Number of protein chains: 2
Amino acid sequence: MTIRPTIADVAREAGVSKGLVSFALNDRPGVAAETRDRILSVANALGWRPSVRARSLSTDRSFALGLVIARDPEIISSDPFFPAFIAGIEGALAPAGQALVVSMVSNEEAEVASYRQLAAHDRVDGVILTDLRRNDPRIALLEGLRLKAVTLGHPDVESSFPAVAVDDGPGIHSAVEHLAALGHRRIAHVAGPSSMLHGGRRSQSFIDALRALGLASDLVVETDFSAAGGAKTTAALLDLDEPPTAIVFANDLMAIAGLGVAQRRGLRVPDDLSITGFDGSDIGAYLYPSLTTVTTPVLEWGRASAELLLRSVIGDDDVHDIELPAAQLLVRMSTAPPRTIR
Amino acid sequence: MTIRPTIADVAREAGVSKGLVSFALNDRPGVAAETRDRILSVANALGWRPSVRARSLSTDRSFALGLVIARDPEIISSDPFFPAFIAGIEGALAPAGQALVVSMVSNEEAEVASYRQLAAHDRVDGVILTDLRRNDPRIALLEGLRLKAVTLGHPDVESSFPAVAVDDGPGIHSAVEHLAALGHRRIAHVAGPSSMLHGGRRSQSFIDALRALGLASDLVVETDFSAAGGAKTTAALLDLDEPPTAIVFANDLMAIAGLGVAQRRGLRVPDDLSITGFDGSDIGAYLYPSLTTVTTPVLEWGRASAELLLRSVIGDDDVHDIELPAAQLLVRMSTAPPRTIR
DNA sequence: TTGTACGCGTTATCAT
DNA sequence: ATGATAACGCGTACAA
């Protein structure tokens, strides 16, 4: 039963004052080199570690970052983004001695309550804002709460927070060009909600890409990123008098559900229908046919976000937006020339 | 710019001492009812909230629980368990004003380091121990670290921690009986690692179920719960001189990969091969064919674990093991009579 | 370099 | 029984 040594123990043992110990341990000037060494060796010998709690109280910092995940309970288990993203965050936090506080909620009301709670309880120094929405109220909320933050992507409202962005555009463009090169002319898009910035951005990229190729872009259907939504929307597209020969889905989950719908109808993918996803989930590689998709550097996104937020928290001047490598097309087996030109 | 009121402000305003305010706010005896009311109304009027940081320092509690997730980077994104489990935990923690600290690591070394870090930094009062292993060293580690804990399932070593268990057995039994009732006689099992308790338990249940039916149980192959492992193992089974007509997978991820392998070989599921999974992931419902699987009450598991751990942390006497409703078979479309008897 | 006040609740000790 | 006082936990900051 060894009681944990405090800074006072170190001071006594080294024959100096508490304050000087603090200076020595934080590498601050004003300590004679010799004294500093003595203090450090005593601290080491005693096995002294700073108390995060005491430091929190006196420095008004939590040494932790927060992540509030708002997801429909139905999607939450199948979303490949957050586990990888959290792993990325961890890569930046653990070496820095910081912790990650995670909150998972299922609706916007609970989401706001969660941010308020994190702030009221001083749980975190800053939060990572994901799934940016149009006119996102959370930005003003967080500013009001005096939390630091970084946003994943650039918000469409005035924001005092730095952004870490990955451009979806090139990936969607590549997907469309890939399909067009295979001979597809009637290409549909199953989009995420336009109320979400990345949902809207992906469908805009889709439309731009089609226009650039001189193709019609009337087959854009919006739904909610869920498997159920993807299935329903795919069914509706296939019910059209002139159904598409290829569908670009805004995420893998909807693409997988769409694949199931097509197969259930006896269509062969990719022969009768080509399909592309978005996310680059591993599971897509094991489906039959394996899913052509667009990959994003999720792990790196998490790491970079956490690092930037950490710098922002300590008041680093060098805090500015970061642009990560863009999303990239990963061609697998769910795309092929349309039946008509085979 | 309103500065947050402290307990001293309340005391001054109410004309009493700091200590008495604390007693009143914590519902402790020794405060006149009248005085108590006055103090509470002043606190209320001032909008006073206790500082978690100060409380942490003086009570030696963190008011937070920890969850260390150790997963191969490749599986991490496709595992449906943790997002739902965390959502369940959240359901118990948020109302109690507690936070959840999550750490995600990719190997055992980092896992141990993570627990040590949580303890050394006093980040959490207790942790939820998932994925119990044979002779799990983490139990002794946590006891040594003086962290409270609950285990998911019953460990095979001496443990001072309460357990929250879900019996996998009935689900596996039902799956086997379901397949046998359909006419299958040659049923294989793609198991998780036997070094993991639930991996071993599921395969033992599988063997027991087959024996009870008087069927041979020689087709048990162990792999690692990953899609890659599931695919490889399925391929090996299908390569046998006398391949199985049905495969019971120990989780959905492997089942989905196995489904892909079968289909890639031109086998039709369920006509040529029946497949069952384990987890009850939503995505399984959208595949073609939809996946017959075994569901576990994951959300409830998270909630119950967090509640129990919280009680353990505050020293509640009423802390004992909890048995949740057992896993249940969910029949969908990936199982059918074998071709031989159609 | 040192001494000491400070941050903010909790709790043990004392006085009435 | 009711309330006040002061020590405590542990670093940090600032005057001396």
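Nothing here was measured: the structure is a model prediction, and the numbers come from that model. Proteins get letters first, then strands, A, B, ... in listed order; numbering begins at 1 in each.
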Between A:Phe23 and A:Ser51, the residue closer to the 5' end of DNA chain D by nearest nucleotide is A:Ser51
The residue, A:Ala8 or B:Gly15, whose nearest nucleotide of DNA chain D is more 5′ is B:Gly15
Whole-Å distance between [N] [atom2] and [X] [atom1]?
{"X": "A:Leu20", "N": "D:dC14", "atom1": "CG", "atom2": "C1'", "result": "14 Å"}
{"X": "A:Trp48", "N": "D:dC10", "atom1": "CH2", "atom2": "C1'", "result": "9 Å"}
{"X": "A:Ile39", "N": "D:dG11", "atom1": "CD1", "atom2": "C1'", "result": "14 Å"}
{"X": "A:Arg61", "N": "D:dG11", "atom1": "CZ", "atom2": "P", "result": "16 Å"}
{"X": "A:Leu25", "N": "D:dC10", "atom1": "CG", "atom2": "P", "result": "15 Å"}
{"X": "A:Ile7", "N": "D:dA13", "atom1": "CD1", "atom2": "C1'", "result": "12 Å"}
{"X": "B:Arg55", "N": "D:dC10", "atom1": "CZ", "atom2": "P", "result": "18 Å"}
{"X": "B:Leu57", "N": "D:dG11", "atom1": "CG", "atom2": "C1'", "result": "9 Å"}

With a 4.0 Å cut-off, would you call [X] and [Y] a salt bridge?
{"X": "A:Glu108", "Y": "A:Arg138", "answer": "no"}
{"X": "A:Arg134", "Y": "A:Asp156", "answer": "no"}
{"X": "A:Arg146", "Y": "A:Asp122", "answer": "no"}
{"X": "A:Arg133", "Y": "A:Glu111", "answer": "yes"}
{"X": "A:Asp125", "Y": "A:Lys148", "answer": "no"}

Classify the nucleic acid contact of [X] as base, sugar-phosphate or nothing, counting any heavy atom under 4.0 Å across all strands shown.
{"X": "B:Ser17", "answer": "base"}
{"X": "B:Arg28", "answer": "sugar-phosphate"}
{"X": "B:Ser22", "answer": "base"}
{"X": "B:Asp60", "answer": "nothing"}
{"X": "B:Thr35", "answer": "sugar-phosphate"}
{"X": "B:Arg49", "answer": "sugar-phosphate"}
{"X": "A:Ala32", "answer": "sugar-phosphate"}
{"X": "A:Val21", "answer": "nothing"}

Apply the test side-chain contact (heavy atoms from CB on, under 4.5 Å) to residues A:Phe85 and A:Ile128: give CA-CA distance (whole Å), side-chain angles for both, the deciding distance (0.1 Å), then the verdict. CA-CA 11 Å; A:Phe85 187 69; A:Ile128 299 176; 3.9 Å; yes
In the 5' to 3' direction, the nucleotides of DNA chain C bounding the stretch that comes under 4.0 Å of a heavy atom in chain B are C:dC8 to C:dT11
Margin query: For A:Arg53 and B:Ser62, which I'm curious about, is there any donor-acceptor pair between the side chains at under 3.5 Å?
Written below: yes
Go through A:Arg303 and A:Glu307 one step at a time and tell me if the salt bridge (Lys or Arg N to Asp or Glu O under 4.0 Å) criterion holds. CA-CA 6 Å; A:Arg303 211 188 50 70; A:Glu307 265 177 13; 2.4 Å; yes
